[in-house]
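Following: one structure in structure tokens, then a few remarks.
Note that the structure is a prediction, hence the values are computed from the model and not measured.
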Amino acid sequence: MADTAPSTQIRFSIDGRELDAAPGQSILEAAQAIGIEIPHLCHQPGLRPDGNCRACVVEIEGERTLAPSCCRAPAPGMVVRSTSERAQRAQKMVLELLSADLPAQAQTADSEFARWRRQLGVDASRFDARPPCPDDTSHPAITVSLDACIQCTRCVRACREIQVNDVIGYAQRGAAAHIIFDLGDPLGRSSCVGCGECVQACPTDALRVAAEPATSAPTTQVDSLCPYCGVGCQLTYHVQGEKIVRVEGRDGPANHARLCVKGRFGFDYIHHPERLTRPLIRREGKPKSLDGFDPSRPLDVFREASWDEALALAADGLRQIREAHGGRSLAGFGSAKGSNEEAYVFQKLVRTGFGSNNVDHCTRLCHASSVAALLEGVGSGAVSNPVADVADADVILIIGANPSANHPVAASFIKNAVKAGKTLIMMDPRRTDLARHARYFLQFRPDSDVALLNCLIHVIIDEGLVDQHFVEQRTEDFAALREQVADFSPERMAPVCGIDADTLRTVARCYARANAAMIFWGMGVSQHVHGTDNVRCLIALALITGQIGRPGTGLHPLRGQNNVQGASDAGLIPMVLPDYQRVDDPAIRARFEAAWGCALDPVPGLTVVEIMDAALAGQIRGMLIMGENPAMSDPDLNHARQALASLEHLVVQDIFLTETAAFADVVLPASAFPEKDGSFTNTDRRVQLGRAALKPPGDARQDLWILQQLAMRMGCQWPFQDTAGVFDEMRRLMPSIAGIDWQRLLREESITYPCHSADDPGQPILFSDDFPTSNGRARIVPAGLVPAAERPDTEYPLVLITGRLLEHWHTGAMTRRATVLDALEPDPVVMMAPSVMAGLGVGPGDMVRLYSRRGQVEAQVRVDAGMREGEVFLPFCYREAAANLLTHDALDPWGKIPEFKYCAVQLEALASCAATEAADHVR
């Protein structure tokens, strides 16, 4: 008789039912798995069991004492009773004791604690309550009611172990014990980042959403996605009437119920009074300018119109330019905030209706250089491994990225990995919050990325740490790399990048010797004139060590917007059709021409900055801009705004009267993220579903409807009836998603591409066997030193670095209209080291003026000990201090991306500025 493997399941019984528990499961978890409910308060899935509330006690046959089921493991043959008289008497007593201290609203609210009281029939408490204490309302998003706290410590564990923010602690002992924030600070003055994980964990509403309506009216729950960064967090909208009142995290593959401050509290921008609700047409004689522009007073510049009139004027203007000057005189900026289907239809409109490939979007301003280098080197422009692979990595290398602010949920998984013993290496000119978790932090000089990375490659080659088998079998051009980096020794590069030689050698060895090492990077790498070279170096680093194609390895450019990956995949790029298929490849073009029923322009189009240059030169005469704000996001904004003002015809499709809309001839009110159905692709290549929770306000319309109406008036006849119909056409023309049909997406909600057939589960890890290149090999491309386009000098002695704040996103059009987010960071700030402040004679909160050769802005000073002397950091989300008035439009020659991360500026205290201006006036 054949041997049978012993079962790893543990057979026991509970309340008369036989069941099997998996190894490591508690009695409570095993019971929940078969639908048996045991009261519990301190337990929450995902948190370490604490066993401190004793609401989940059960009776175990043969034992004298009751056992907490949340932290007691079952044993074979164990007999458990959760509903016996003894067990239920103890459970009720726990709830009655806890109820004594709780205020009335905590006992009647729709909280977890209140539901257990109702279920067990605990109506009142016989015990005396503690003296009440006042609520802490110092935080715009979260109210703290310690009266309602039962000291279950779920918030402590959520803050420390899930998000790893280490803000919430536990102070004093006995009856005086209570939770605290930092060193006993009010929540609003603590280091809390507002992620709300504590609110989601709290079972009593001791920590609750501050602005949530105090009403018992039922809410409708709609499962959707977060509209902000590229992590792709799944969430649930709670809708009451026609308003979203609360957001909770959902257990999606990218977030496992976690959210950040933007995802949890940044939803009410859709209800802002400045929402566009009627089509607008510019009034005769009103100049195209931001001077005196007030988005709250649209009728000062525009008049309201019907949809028929607005669409007719929008399309007629574009069509007349096309007929008079040709299709290449038109251009379109699509949106990375919209759905895959909207991006696809937008680029199809430009290519078939306008007649050119002049279509681009924000990837040109964030990761164009990354995509260029990845396509060149490994044949794919997307990430090779998902963020979750940090759990399988031994070494995590992050360069030029600030995940704690820009991708907070991804950062939480990285911090979890570090707590589990992984090695974190961080490299950045600015020391950010995540650096405190790093074993090695390399604060290199701005503009020395290639020097630093080539030095690491030099050490790996020089010390024989190259994976020779991988290099020989799966790459080409290694010899050229070896020759290029021969002179990049640590001793030579230490003074260039500002990192000592021993540290450079140690870090190179750490990465090369790891069983699995993973590289993440952000726009600190890509937004340079040598951004493509920076990424070429990262690719070479992974290839020569064989750190790619396996779990816990690979290359991951962190995508900045919720659908920048999907928008790129769908074809919002001037030189490629959907799925990165070249427009100048006759065979590919013929396939799309057959599908779309028209001839296509064989010449690659212009990129974002090139389009602006061409507009100012009179070559681009008309534009359609959907959900993008180049009057804030483009470099050298004075130049960009002049270009927008020079257009003969500009149509803007958006949800607010943005700075770009101030230059429009026609403004079409569109749908916000929570008002549309569609698919979105996150940074991990996961195609996920967003669902509409509300209808667009007033007479605003769905973006897909608007695009199809414009297309029809431009002479295009499309058969799309709904979002599913667009997606069906996409998958027929995009091999990467051919195996994902709409019904499958509805069922599974998240599918990773490439997914080539209906039975393909998707491929989260790429390049396991070969690379999607002509010969199956990856190409190693050496990089030399290329200086920044503008260096500091005596007149402009400081380096300006631009970026984002945790609370705000992109150009601020959404987050600065979100109540909580704008309350947390309402004013423009410029961050600098204490030594820079001392040199200027200013302190925190003082006003300074920043000058570059292109413009000037004013902002409050904020001390940042993570900055070095000679550098300042300015967020680009503030309209009243637009950072891109200072930046310049020098481009990376391959990715055509501007150098946002480096330009020369000078600073002057505002008091000094005022004195200088007064003296000039007297003279």
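For the pair Arg817 and Phe656, the cation sits on the ring face: its NZ or CZ lies under 6.0 Å from the ring centre, inside 45° of the axis. A cation-pi arrangement is present between Arg258 and Phe413, with the terminal nitrogen or guanidinium carbon under 6.0 Å from the aromatic centre and inside a 45° cone about the axis.
Looking only at distances, no side-chain donor or acceptor of His810 sits under 3.5 Å from a matching main-chain atom of Gly812. No donor-acceptor distance shorter than 3.5 angstrom exists from the side chain of Ser412 to the backbone of Gln163, with no hydrogens or angles considered. Looking only at distances, a side-chain donor or acceptor of Ser646 sits under 3.5 Å from a matching main-chain atom of Ala615. Distance alone, capped at 3.5 Å, places no donor-acceptor pair between the Arg559 side chain and the Gly522 backbone. With hydrogens and angles ignored, the 3.5 Å screen pairs no side-chain donor or acceptor of Ser852 with any backbone N or O of Ala904. Here the side chain of Asn563 pairs no donor or acceptor atom with the backbone of Ala336 at under 3.5 angstrom. Put simply, the side chain of Tyr228 gets close to the backbone of Gly266: a donor and an acceptor are under 3.5 Å apart. Looking only at distances, no side-chain donor or acceptor of Asp533 sits under 3.5 Å from a matching main-chain atom of Ala783. Under a 3.5 Å cut-off, the side chain of Asn884 and the backbone N or O of Thr887 do not form any donor-acceptor pair.
Rounded to the nearest 0.5 angstrom, Ser526 OG and Lys901 NZ are separated by 7.0 Å. Distance check: Asn165 CG to Cys260 SG gives 11.0 Å after rounding to the nearest 0.5 Å. To the nearest 0.5 Å, atom CZ of residue Arg439 and atom CG of residue Leu424 are 9.5 Å apart. Taking CZ of Arg364 as the reference point, atom CG of Asp634 lies at 12.0 Å (rounded to 0.5 Å). The OG atom of Ser370 lies 11.0 Å from the NE2 atom of His556; values are rounded to the nearest 0.5 Å. Note that CD of Glu899 and OG of Ser369 are 10.5 Å apart. Values are rounded to the nearest 0.5 Å.
Under the 3.5 Å distance criterion, with hydrogens and angles disregarded, a donor-acceptor pair is assigned to the side chains of Glu610 and Thr607. Using modelled atom types, one finds no donor on one side chain facing an acceptor on the other under 3.5 Å when comparing His407 with Asn402. Ser335 and His361 share no donor-acceptor pair across their side chains, judged by distance under 3.5 Å alone.
For the pair Leu276 and Val667, the minimum side-chain heavy-atom distance is below 4.5 Å. With contacts defined as side-chain heavy-atom distances shorter than 4.5 Å, the pair Phe333/Val608 qualifies. A heavy-atom distance below 4.5 Å is found between the side chains of Trp521 and Leu538. Under the 4.5 Å side-chain criterion, counting only non-hydrogen atoms from C-beta, Phe900 is in contact with Leu365. At least one side-chain heavy atom of Asn534 sits less than 4.5 Å from a side-chain heavy atom of His528. For the pair Leu434 and His437, the minimum side-chain heavy-atom distance is below 4.5 Å. A 4.5 Å side-chain heavy-atom check between Thr815 and Cys877 finds every atom pair outside the cut-off. The side-chain heavy atoms of Asp613 and His639, taken from C-beta on, include a pair separated by under 4.5 Å.
For the salt bridge (Lys or Arg N to Asp or Glu O under 4.0 Å) test, no residue two or more places apart in sequence or in another chain qualifies with Glu795. Here Asp889 pairs with nothing under the salt bridge (Lys or Arg N to Asp or Glu O under 4.0 Å) rule; sequence neighbours left out. Every residue two or more places apart in sequence or in another chain that forms a side chain to side chain contact (heavy atoms under 4.5 Å, CB included) with Thr819 is listed here: Asp268. Residues passing the side-chain hydrogen bond (donor to acceptor under 3.5 Å, both in side chains) test with Asp892 are Thr532, sequence neighbours excluded. Residues meeting the side-chain hydrogen bond (donor to acceptor under 3.5 Å, both in side chains) test with Asp447, sequence neighbours left out: His530, Arg791. Partners of Asn562 by side chain to side chain contact (heavy atoms under 4.5 Å, CB included), not counting sequence neighbours, listed by chain and number: Lys337, Phe673, Phe680, Trp809. For the salt bridge (Lys or Arg N to Asp or Glu O under 4.0 Å) test, residues two or more places apart in sequence or in another chain that qualify with Glu659 are Arg879. With sequence neighbours left out, the side chain to side chain contact (heavy atoms under 4.5 Å, CB included) criterion links Cys233 to Cys226, Val231, Asn255, Leu259, Val409. Qualifying side chain to side chain contact (heavy atoms under 4.5 Å, CB included) partners for Thr660, counting only residues two or more places apart in sequence or in other chains: Ile625, Asn629, Pro630, Ala631, Leu644, Val652, Thr658. Residues forming a salt bridge (Lys or Arg N to Asp or Glu O under 4.0 Å) with Asp300 (at least two apart in sequence, or on another chain): Arg297.
Paired with Arg816 under the rule salt bridge (Lys or Arg N to Asp or Glu O under 4.0 Å), one option of Glu274, Glu880, Glu807 passes, and it is Glu880. Considering Val857, Leu910, Val830 in turn, Val830 is the only one that fulfils the side-chain contact (heavy atoms from CB on, under 4.5 Å) rule with Val848. Tested against Val861, the residues Met831, Met832, Met847 include a single side-chain contact (heavy atoms from CB on, under 4.5 Å) partner, Met832.
Salt bridge annotation for Asp166-Arg436: present, with a cationic side-chain nitrogen under 4.0 angstrom from a carboxylate oxygen. Residues Arg160 and Glu197 are not paired through a salt bridge, judged by the lack of any N-O separation under 4.0 Å between the basic side chain and the carboxylate. We find that Arg853 and Asp793 are joined by a salt bridge, their nearest charged nitrogen and carboxylate oxygen being less than 4.0 Å apart. A salt bridge links Arg849 with Glu858: the distance from a Lys NZ or Arg NE/NH1/NH2 to an Asp or Glu carboxylate oxygen falls below 4.0 Å.
Checked against the 6.0 Å centroid threshold, His808 and Tyr878 count as a close aromatic pair.
Across all their heavy atoms, Gly196 and Ile142 have their closest contact at CA-CD1, 4.4 Å. Here the closest non-hydrogen pair linking Met427 and Ile425 is CE-CG2, 3.9 Å.
Among residue pairs with one or both ends in residues 182-192, none qualify as salt bridge (charged side-chain N to carboxylate O under 4.0 Å, His left out); sequence neighbours excluded.
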Practice task
Step by step, work out the salt bridge (Lys or Arg N to Asp or Glu O under 4.0 Å) result for Asp636 and Arg854.
Solution key: CA-CA 7 Å; Asp636 188 3; Arg854 290 152 297 279; 5.2 Å; no
Side chains of residues 862-875: which donor-acceptor partners sit under 3.5 Å, not counting sequence neighbours?
from, atom 1, to, atom 2, distance (Å)
Arg862, NH1, Glu825, OE2, 2.8
Arg862, NH2, Glu825, OE1, 3.1
Arg862, NH2, Glu825, OE2, 3.4
Asp864, OD1, Gly866, N, 2.8
Asp864, OD2, Arg430, NE, 3.2
Asp864, OD2, Arg430, NH2, 3.3
Arg868, NH1, Gln443, O, 2.9

